[in-house]
Amino acid sequence: MSAGPRLAVVVPVYRNEATLAPLAERLAAALEGRDWRLRLVIDASPDDSARVAVGLSVTDRRIAVSGLTVNGGQHAALAHGLAAEPDADVWVCLDADLQDPPEAVPQLLERLARGDVEAVFAGRRGPYESPLRRFTGTAHRRLAARLTGLPPDAGAFLAMGRRVRDAVLAADAPSIVLAVGLARRPVTSVPVARDRRAEGRSAWTARARLRQSARSLAWALRHRR
């Protein structure tokens, strides 16, 4: 019998055809006994991700698929997925490339269930990417923490309650993560070791990462109170 809050797991998908099936399998195992739904948001992916996702939804009714007709990026896809799942009690944002281990989702949910915070981030740990990318990512997160009060290890793998989810959608922000920080609700992080990318290369080029970082930090600077 399913127990606990209704859970919606939102996953942006771009060039992830090889990892969607293992993601769904590992998530189902991690959430056994819970009431969950997986929302795969196809971000105008040019590969066979949409076909694979639809196939998974046919075999498992807990999996839903929606998509963007124009590539909007990770954060636009996450916002789309959060809006498409209004009936949950808790929402989890998770990457599709398996760098965010699905097995860590219960850890986030258990921390959130204590009731003293309204969002829990998977605090990034481990040598999951090159030293240069880790350095620039750490620098971005530290600046974000100073602007918003977020934990300095916060990334886009997190669990949130309704008030945070609603605030994120109302903010119409370029970054889900920074929108959580500027919601000014109590948040925390728990350490989670990220894995190296299992298949292919990240769609985030150095230029795209820098552009997104500058855009989101500028947005946070304008909107902080």
Side-chain angles (χ1 to χ4, degrees), residues 5-14 27 36-43 64 66-68 70-96 100 104-105 107-109 111-124 137 140-190 192 204 209 211-225:
R6 294 168 297 173
L7 171 65
V9 181
V10 177
V11 176
V13 177
Y14 186 79
L27 189 67
W36 62 272
R37 182 175 176 87
L38 171 60
R39 168 72 57 173
L40 299 172
V41 182
I42 312 301
D43 189 15
S66 57
L68 307 177
V70 177
N71 180 253
Q74 177 191 36
H75 297 279
L78 286 172
H80 176 94
L82 291 172
E85 293 292 338
D87 297 327
D89 301 308
V90 175
W91 292 261
V92 169
C93 297
L94 178 72
D95 279 352
D100 296 333
V105 172
Q107 185 180 354
L108 304 185
L109 299 178
R111 180 63 185 87
L112 187 65
R114 294 188 198 176
D116 59 325
V117 296
E118 296 183 30
V120 180
F121 290 89
R124 295 189 169 195
H140 168 84
R141 287 188 289 275
R142 286 178 177 172
L143 283 171
R146 296 191 61 158
L147 287 174
T148 66
L150 285 169
D153 55 3
F157 182 14
L158 72 153
M160 68 185 83
R162 178 167 294 279
R163 281 192 288 191
V164 173
R165 176 259 187 188
D166 291 350
V168 165
L169 292 180
D172 191 25
S175 167
I176 293 294
V177 176
L178 295 187
V180 172
L182 291 184
R184 301 304 183 190
R185 309 304 305 176
V187 305
T188 191
S189 66
V190 295
V192 172
W204 283 100
R209 281 163 57 99
R211 186 167 56 244
Q212 171 64 14
S213 176
R215 181 171 170 244
S216 59
L217 291 172
W219 177 87
L221 186 62
R222 291 194 306 270
H223 287 82
R224 67 176 180 167
R225 299 188 292 273

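Side chains included, hydrogens not; waters and symmetry mates left out as well; all remaining heavy atoms used.
Using modelled atom types, no side-chain atom of D43 and backbone atom of Y14 make a donor-acceptor pair closer than 3.5 Å.
Side-chain contact between L108 and F121 is absent, with no heavy atoms from C-beta onward closer than 4.5 Å. Counting heavy atoms from C-beta on, the side chains of V117 and V187 never come closer than 4.5 Å.
Considering R6, R162, R163 in turn, R6 is the only one that fulfils the salt bridge (charged side-chain N to carboxylate O under 4.0 Å, His left out) rule with D89. Of the residues listed (V10, L27, L7), the one engaging L38 in a side chain to side chain contact (heavy atoms under 4.5 Å, CB included) is L27, and it is the only one. Shown are V92, V90, T188, L158; of these, the side chain to side chain contact (heavy atoms under 4.5 Å, CB included) with V120 is made only by T188.
The distance from atom NE2 of H75 to atom CG of L82, rounded to the nearest 0.5 Å, is 12.0 Å. A distance of 7.0 Å separates CG of L169 from CD1 of I176, quoted to the nearest 0.5 Å. The distance from atom OG1 of T148 to atom CG of L178, rounded to the nearest 0.5 Å, is 6.0 Å. Here the CD1 atom belonging to I42 is positioned 10.0 Å from the NE2 atom belonging to H80, to the nearest 0.5 angstrom. The distance from the CG atom of L150 to the OG atom of S189 is 9.5 Å, given to the nearest 0.5 Å. The CZ atom of R39 lies 13.0 Å from the SG atom of C93; values are rounded to the nearest 0.5 Å.
Across Q74 and A156, no two heavy atoms sit closer than the pair NE2-CB, 3.7 Å. Between M160 and R165, the closest heavy-atom pair is SD-CA, 3.6 Å. Nearest heavy-atom pair across G72 and A76 is O-CB, 3.4 Å. Residue V192 comes nearest to A104 through the heavy atom pair CG1-CB, 3.7 Å, listed as atom of the first residue, atom of the second, then distance. Annotation for L78 and P12: closest pair CD2-CD, 3.5 Å, computed over non-hydrogen atoms. Listed here is the closest heavy atom pair of A96 and V13: CB-CG2, 4.3 Å.
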Run the salt bridge (Lys or Arg N to Asp or Glu O under 4.0 Å) check on D116 and R111 step by step: do they pass? CA-CA 9 Å; D116 59 325; R111 180 63 185 87; 2.8 Å; yes
What verdict does the side-chain contact (heavy atoms from CB on, under 4.5 Å) test give for V168 and V180, after you've listed the backbone C-alpha separation in whole Å, the side-chain angles of each residue and the deciding distance to 0.1 Å? CA-CA 6 Å; V168 165; V180 172; 3.6 Å; yes
